Amino acid sequence: MASAWLLATAEDEPPRRLDDLARVDSLLQADFREFYIRPGQVQSWQVEVDSNFARRVYLVSLPGGFSKTQLHARIQRSVNTWGMSAPARVVFPQRDMEIQLIWRNTVVRTVRLQTDPELEMNRNLATILIAFDYPPSEELQQRFRQMGEALHPVMAIGRALEAGTIRQEWQGGGGLTEPILWLRDAEGRSVPGSGGGLSLLQQVEGAMPQARVLSFVPAASSGEAPNLSRYALDFIPASQARVIQAAMGRADFIRALDAFAAEAQAGERPLLLVHASGEAFDWLQDRLPEYKRGGLTLIPPQQGP
């Protein structure tokens with residue numbers, strides 16, 4: 001069913017003319033690279049069909065947890081543009097998959113996807129926080145819950161009175177994870193930061209002790225930085241967070257997402273703070289599957305001083 005949905009929602013393109021079957025091999029290699037499948041995971045050989053034709057078979061070894069359905073959907077989209085189809089069957093109980101590439105009623109290539117328990121998925125650890133203005137709209141809250149991703153809610157507030165009702169409201173609306181607080185003073189500065197706004201911090205501590213709060217205090221701060229250990233709050237270091245929003249435009253938004261994914265692949269465990277909006281959710285949903293194919297693993301935010 002998942003495979004059928006992915007194929008049904010794939011964007012169709014006008015078929016192109018296929019003059020050389022070698023192009024099929026190029027398409028497959030490009031798809032393997034997009035899913036970060038290493039050459040050592042792919043074996044291929046020729047199977048003689050008759051005196052005039054030999055079909056190439058690909059055997060692709062994949063780690064447990066790899067989405068064979070997503071790879072199949074990608075291959076289907078690639079070959080559809082060249083007038084081919086790519087029906088598949090799942091082999092039980094291993095849940096391996098065999099894909100037949102069909103052109104002019106002839107199977108021209110076979111791709112077998114099998115799980116290799118000795119292979120490990122690349123895990124590029126990173127955190128994505130979704131920031132809502134308070135009070136958040138019900139529409140955006142519902143959209144957030146429908147994302148189906150390991151995203152964490154953040155509530156941007158400017159008054160301690162708002163902090164006291166957030167827990168009850170969010171859980172009452174079906175939220176399972178209590179929002180992190182993003183405190184901003186009357187001048188729009190993040191609290192705690194490099195200075196100022198500590199009265200707000202104290203008020204929030206009284207209204208919602210043990211709450212999680214974003215901290216924008218630089219890691220290498222001097223004596224001007226507040227002593228956060230004196231507060232009964234759990235601080236999430238965010239001074240190095242990449243902050244993005246739909247207002248920056250789709251091109252810049254996607255570039256920032258790509259840079260975030262590259263940092264995760266480099267092992268930096270980056271933090272991304274996204275302002276909630278319909279467009280931001282659309283663009284995240286468009287790009288996250290590709291990053292996850294490359295090993296992106298979303299984790300809870302790390303606490304710190």
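These values consider heavy atoms only, across backbone and side chains, with no hydrogens, waters or symmetry-generated copies. Owing to the predicted nature of the structure, the values given are computational and were not obtained by experimental measurement.
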(message) Quick check for you: to the nearest 0.5 Å, what is the distance between Gln203 atom CD and Met208 atom CE?
(response) 15.0 Å
(message) Quick check on the hydrophobic clustering: are Val91 and Ile75 connected, directly or via other members, by side-chain heavy-atom contacts under 4.5 Å?
(response) no
(request) May I ask whether Leu161 and Trp182 are part of the same hydrophobic cluster, defined by side-chain heavy atoms of I, L, V, M, F, W, Y residues being less than 4.5 angstrom apart, directly or through others? (result) no
(message) Please give the remaining members of the hydrophobic cluster of Ile299, linking ILVMFWY side chains under 4.5 Å, ordered by chain and number.
(response) Leu125
Listing, residues 265-278 side-chain donor-acceptor contacts under 3.5 Å, not counting sequence neighbours, or none:
| from | atom 1 | to | atom 2 | distance (Å) |
| --- | --- | --- | --- | --- |
| Ser277 | OG | Ala280 | N | 3.1 |

(request) Rounded to the nearest 0.5 Å, what's the gap from CG on Leu233 to CG on Leu201? Could you check? (result) 5.5 Å
(request) Not counting sequence neighbours, which residues clear ring pair (Phe, Tyr, Trp, His ring centres under 6.0 Å) with Phe132? List them please. (result) Phe144, Trp170
(message) Is it true that Thr297 and Tyr291 share a donor-acceptor pair across their side chains at a distance under 3.5 Å?
(response) no
(message) Checking Met84 against Val24 for the side chain to side chain contact (heavy atoms under 4.5 Å, CB included) test, could you report, in this order, the C-alpha distance in whole Å, the side-chain angles of both residues, the deciding distance, and whether it holds?
(response) CA-CA 10 Å; Met84 290 183 285; Val24 182; 3.7 Å; yes
(message) Looking at Gln285, I'd like to know if its CD atom is crowded, meaning that more than 12 non-hydrogen atoms belonging to other residues, nucleotides or ligands lie closer than 6.0 Å.
(response) yes
(message) Using every non-hydrogen atom in the two residues, find where Pro301 and Leu129 come nearest and quote the distance to one decimal.
(response) CG-CD2, 4.2 Å
(request) Under 4.5 Å between side-chain heavy atoms, chaining through other members, with only Ile, Leu, Val, Met, Phe, Trp and Tyr counted: pull out the rest of the cluster around Val107, sorted by chain and number. (result) Ile102
(message) Under the rule for side chain to side chain donor-acceptor pair (under 3.5 Å), what residues qualify as partners of Thr127, not counting sequence neighbours?
(response) none
(request) Please list, chain by chain and in numerical order, all residues satisfying side chain to side chain donor-acceptor pair (under 3.5 Å) with Ser51, sequence neighbours excluded. (result) none
(message) Using every non-hydrogen atom in the two residues, find where Ala232 and Glu205 come nearest and quote the distance to one decimal.
(response) N-OE2, 2.6 Å
(request) For residues Ser85 and Gln76, report the shortest heavy-atom separation together with the two atoms involved. (result) CA-NE2, 3.9 Å
(message) Can you confirm whether Thr110 sits close enough to Leu101 that some side-chain heavy atom of one is under 4.5 Å from a side-chain heavy atom of the other?
(response) no
(request) Kindly determine whether Arg143 and Asp282 satisfy salt bridge (Lys or Arg N to Asp or Glu O under 4.0 Å), including the steps that lead there. (result) CA-CA 10 Å; Arg143 182 71 186 276; Asp282 288 340; 2.4 Å; yes
(request) Is it possible for you to say whether Val79 and Val108 belong to one hydrophobic cluster, with membership spreading through side-chain heavy-atom contacts below 4.5 Å? (result) yes
(request) Would you check if Leu62 and Asp116 make a side-chain contact, meaning some heavy-atom pair closer than 4.5 Å? (result) no
(message) Taking CZ in Arg287 as the centre, count heavy atoms belonging to other residues, nucleotides or ligands within less than 6.0 Å. Is the count above 12?
(response) yes
(message) With rounding to the nearest 0.5 angstrom, report the CE to CG distance, Met155 to Leu183.
(response) 12.5 Å
(request) If a pair satisfies side chain to side chain donor-acceptor pair (under 3.5 Å) and one of its residues is in residues 236-257, list it, with sequence neighbours excluded. (result) Arg242-Glu263, Arg250-Asp286, Asp252-Arg255
(message) To the closest 0.5 Å, what do you measure between CG (Leu181) and CD (Glu162)?
(response) 10.0 Å
(message) Pairing donors with acceptors under 3.5 angstrom, does anything connect the side chains of Gln29 and Asp25?
(response) no
(request) Verify, without hydrogens or angle tests, whether Gln41 (side chain) and Arg38 (backbone) share a donor-acceptor contact under 3.5 angstrom. (result) yes
(request) Can you tell me which residue pairs pass the ring pair (Phe, Tyr, Trp, His ring centres under 6.0 Å) test with a partner in residues 86-106, sequence neighbours excluded? (result) none
(message) Could you measure the distance from the OG atom of Ser215 to the CZ atom of Phe235? Nearest 0.5 Å is fine.
(response) 6.5 Å
(message) Enumerate the ring pair (Phe, Tyr, Trp, His ring centres under 6.0 Å) contacts for residues 240-271, please, sequence neighbours excluded, ordered by first and then second residue.
(response) Phe253-Trp283
(message) Using a 6.0 Å cut-off, check whether atom CD of Gln94 has over 12 heavy atoms from anything other than its own residue.
(response) yes
(request) Check Ala54 against Gln46 and note the closest heavy-atom contact, atom names and distance. (result) O-OE1, 3.6 Å
(message) Any non-hydrogen side-chain atom of Phe281 less than 4.5 Å from a side-chain atom of Ile130?
(response) yes
(request) Could you tell me which residues satisfy side chain to side chain donor-acceptor pair (under 3.5 Å) with Arg112, sequence neighbours excluded, listed by chain and number? (result) Glu98
(request) Enumerate the residue pairs fulfilling salt bridge (Lys or Arg N to Asp or Glu O under 4.0 Å) with a member in residues 46-58, sequence neighbours excluded, ordered by first and then second residue. (result) none
(request) Could you check Ile37, Ile99, Leu59, Asp96 and say which one makes a side chain to side chain contact (heavy atoms under 4.5 Å, CB included) with Leu113? (result) Ile99
(message) Are more than 12 heavy atoms, taken from residues, nucleotides or ligands other than Glu139, located less than 6.0 Å from that residue's CD atom?
(response) no
(message) Please check if the number of heavy atoms outside Gln146 that lie under 6.0 Å from its CD is greater than 12.
(response) yes
(message) Can you give me the closest heavy-atom contact between Pro289 and Leu284, atom names plus distance?
(response) CD-O, 4.4 Å
(message) Could you walk me through whether Arg74 and Asp31 satisfy the salt bridge (Lys or Arg N to Asp or Glu O under 4.0 Å) test, starting with their C-alpha distance in whole Å, then the side-chain angles of each, then the deciding distance to 0.1 Å, before giving a yes or no?
(response) CA-CA 7 Å; Arg74 174 60 188 179; Asp31 290 340; 3.1 Å; yes
(request) For the pair Ser67 (side chain) and Gln70 (backbone), establish whether a donor and an acceptor sit closer than 3.5 Å, ignoring hydrogens and angles. (result) yes
(request) Please check if the side chain of Arg95 supplies one atom and the backbone of Gln114 the other of a donor-acceptor pair under 3.5 Å. (result) no
(request) Please name the pair of heavy atoms, one in Gln210 and one in Asp234, separated by the smallest distance, quoted to 0.1 Å. (result) O-OD2, 3.5 Å
(request) Group every Ile, Leu, Val, Met, Phe, Trp and Tyr by side-chain heavy-atom contacts under 4.5 Å, then state whether Val47 and Phe53 land in the same group. (result) no
(message) So, using side chain to side chain donor-acceptor pair (under 3.5 Å) as the criterion, who are the partners of Ser26 when residues are at least two apart?
(response) none
(request) Would you check if Tyr58 and Arg109 make a side-chain contact, meaning some heavy-atom pair closer than 4.5 Å? (result) yes
(message) With rounding to the nearest 0.5 angstrom, report the CD1 to CG distance, Ile236 to Leu214.
(response) 7.0 Å
(message) Hydrophobic cluster membership, with links at side-chain heavy-atom distances under 4.5 Å among I/L/V/M/F/W/Y: are Val42 and Leu71 in one?
(response) yes
